Amino acid sequence: TTALELRQRVPRVLLVTKSALNAGSTRWAQGGIAAALGSDDSPEAHLTDTLAAGGGLCDEDAVRVLVEEGPGRVRQLVSLGTNFDRTPDGEFELTREGGHRRRRIAHAGGDATGAEISRALIAALSAVQDDPGIEVIEQALVLDVLTTGGTEPVAPDGRPSRACGVTLHVIGEGTLDGIGAALGRAVVLATGGIGQVFASTTNPREATADGIAAALRAGAAVGDLEFVQFHPTVLWLGQGARGQQPLISEAVRGEGARLVDVDGDRFMPDLHPMAELAPRDVVAKAIVRRMGLTGADHVYLDARHLGADFLGRRFPTIVELLAEHGFDLAADLVPVAPAQHYHSGGVLVDLRGRSTLDGLYAVGETSCTGVHGANRLASNSLVEGLVFAHRIADDLTARLGAGDLPQGEPLPAAGAAALLPSAARPEVQRAATGGPGVIRTSTGLAAAAKTLAALAAEAMAGQVTTPGTEEWETTNLHQVATVLTEVAATREETRGGHFREDHPETVDAWRGRLVAALDPDGELRVHFAPLLGGGDAPGTQRIEKGHQ
């Protein structure tokens, strides 16, 4: 969306993706896109639900931008050719998901919303690809954000003042192979989430935290990294399952499916007034606790009472997916367990999508706009991407037109970073799953930090001599897992997607954001920024952690 908008307004746009354009997380979004589109709904009601899900840490100004601009952006998707499901009288067919007190989830193809949105956007891009104003490079991994140096002004702490391009590893089939630089007057990161940091996730294989890692190395700040959303209902495929796991959309519960334990007992109505439609962190933690009580490694999703005809019509993709794994949604209890799903934190940005490094923007799951706070409200992610993509395009149009972002010359990196071998990825994932996973403890986080530090030391001692995509990805996963572990250990409370078993209460003094950045010497620094009305905040903390 950012590229399509900018292509009409600025001389040249380069769009880079490390695999194919239709890869990434958007096409996997099943449930839908949230916006106040119904006659009984309003942006104010959407705001209230979003703030409630965010655990007291949402930036209310950012949420207001989302809910007020969201309906118009969804309707623009329709004008681009997105085919949403409609009622017989032509209105959006809306459903509910966890945390929503209104039917405000627009969907397409029943449960294939992301795929339809992705299709429409790529079709719009394909229609203008002959335009000299836009260039698309697939199969190209962004390695680092380039920053200005030399005669360029620098920030007070000595950091380069502005992003001026990226380095790329182009891995296409025989074309442009190798590493090179792409210079630009601004850089927009839209690299998705961190799912592959964990052993089990709903995220695609491309979600290796590349944008957050590159932003950190360039000197930009990140925020809310500890708030990781674990989706409650991911198909349980056994203890040995790794990588991307099949998601069973919350919309199935929105239509009436229930959660029962291995003894057949329904447990959510006793735990929350919204039962199975409580916010995701509530449901995920409830499932983990119920698994502990029963000694099982899963619970069941029961949709049998909804009937085969309805399920086949409303959730054709999910029905087909489950059939591939031997389950009939209309006839079977389907085993489910929580798995990593969404990251509420990311590159810290303002309401225009600007990061703390001038010229560097971030949008979508790789960004931290403050919309989600401690826990994302279901289906707010797609609309967040749309709204802030337009805001970035508007801001860049104005700044480039005013000459605020002249092309700068890149400053050479301070030193070569040690890369982890690809074989270290499973160990990184085990450390992240056991440390900053669904339920966190000081002991588990300390063990994870020790493992990650040892991997960093090994990388420094035995440099990878022939790096490739998997080595860069593994290094990015390790660097983000390291910061995630540190901030999760620092926040000694339970809030939203951050559950500390050794600190189970929500503490008002922790009502604020942990902001992390690398100082000019490559050391990780974390400070606490209290939100207004948050009471006495814990003191600013400096975490001594070498950067490899």
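Throughout, numbering of the chain's residues begins at 1 and tracks the sequence. All figures in this text were calculated on a predicted structure; none of them were measured in a lab.
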Going by the rule salt bridge (Lys or Arg N to Asp or Glu O under 4.0 Å), which residues pair with [X] if we only count those two or more places apart in sequence or in a different chain?
{"X": "Glu250", "value": "Arg253, Arg280"}
{"X": "Asp61", "value": "none"}
{"X": "Arg399", "value": "Asp358"}

Output side-chain donor-acceptor pairs under 3.5 Å for residues 45-54, partner residues at least two apart or in another chain, one line each.
{"residue": "His46", "atom": "NE2", "partner": "Asn380", "partner atom": "OD1", "Å": "2.9"}
{"residue": "Thr48", "atom": "OG1", "partner": "Glu44", "partner atom": "O", "Å": "3.0"}
{"residue": "Asp49", "atom": "OD2", "partner": "Arg101", "partner atom": "N", "Å": "2.9"}
{"residue": "Asp49", "atom": "OD2", "partner": "Arg104", "partner atom": "NH1", "Å": "2.8"}
{"residue": "Thr50", "atom": "OG1", "partner": "His46", "partner atom": "O", "Å": "2.9"}
{"residue": "Thr50", "atom": "OG1", "partner": "Asn380", "partner atom": "ND2", "Å": "3.1"}

**Request:** Sort and list the pairs that fulfil ring pair (Phe, Tyr, Trp, His ring centres under 6.0 Å) and have at least one residue in residues 115-145, not counting sequence neighbours.
**Result:** none
Just jot down the ring-ring contact (aromatic ring centres under 6.0 Å, His included) partners of [X], sequence neighbours excluded, or say none.
{"X": "Phe499", "value": "none"}
{"X": "His107", "value": "none"}
{"X": "His372", "value": "Tyr342"}
{"X": "His498", "value": "none"}

**Item:** Residues that Asp350 engages under side chain to side chain donor-acceptor pair (under 3.5 Å), provided they are two or more places apart
**Value:** Arg352
**Request:** Any pair with a residue in residues 119-130 that passes side chain to side chain donor-acceptor pair (under 3.5 Å), sequence neighbours left out, goes on the list, sorted by first then second residue, please.
**Result:**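 Counting only pairs at least two positions apart or across chains, the side chain to side chain donor-acceptor pair (under 3.5 Å) contacts touching residues 119-130 are Glu116-Arg119.
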**Message:** Quick check: do Val228 and Phe198 have side-chain heavy atoms less than 4.5 Å from each other?
**Reply:** yes
List the atom pairs, donor and acceptor, that lie under 3.5 Å between side-chain atoms in residues 10-18 and the rest of the protein, sequence neighbours left out.
{"residue": "Arg12", "atom": "NH2", "partner": "Glu135", "partner atom": "OE1", "Å": "2.7"}
{"residue": "Lys18", "atom": "NZ", "partner": "Glu206", "partner atom": "O", "Å": "3.0"}
{"residue": "Lys18", "atom": "NZ", "partner": "Thr208", "partner atom": "OG1", "Å": "2.7"}
{"residue": "Lys18", "atom": "NZ", "partner": "Asp210", "partner atom": "OD2", "Å": "2.7"}
{"residue": "Lys18", "atom": "NZ", "partner": "Glu473", "partner atom": "OE2", "Å": "2.6"}

**Message:** Strictly below 4.0 Å, N to O, side chains only: are Arg391 and Glu69 in salt-bridge contact?
**Reply:**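 Salt bridge between Arg391 and Glu69, a charged N being under 4.0 Å from a carboxylate O: yes.
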**Asked** In Å, rounded to the nearest 0.5 Å, how long is the span from OG1 of Thr469 to CD of Gln139?
**Response**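 Interatomic distance, Thr469 OG1 to Gln139 CD, rounded to 0.5 Å: 9.0 Å.
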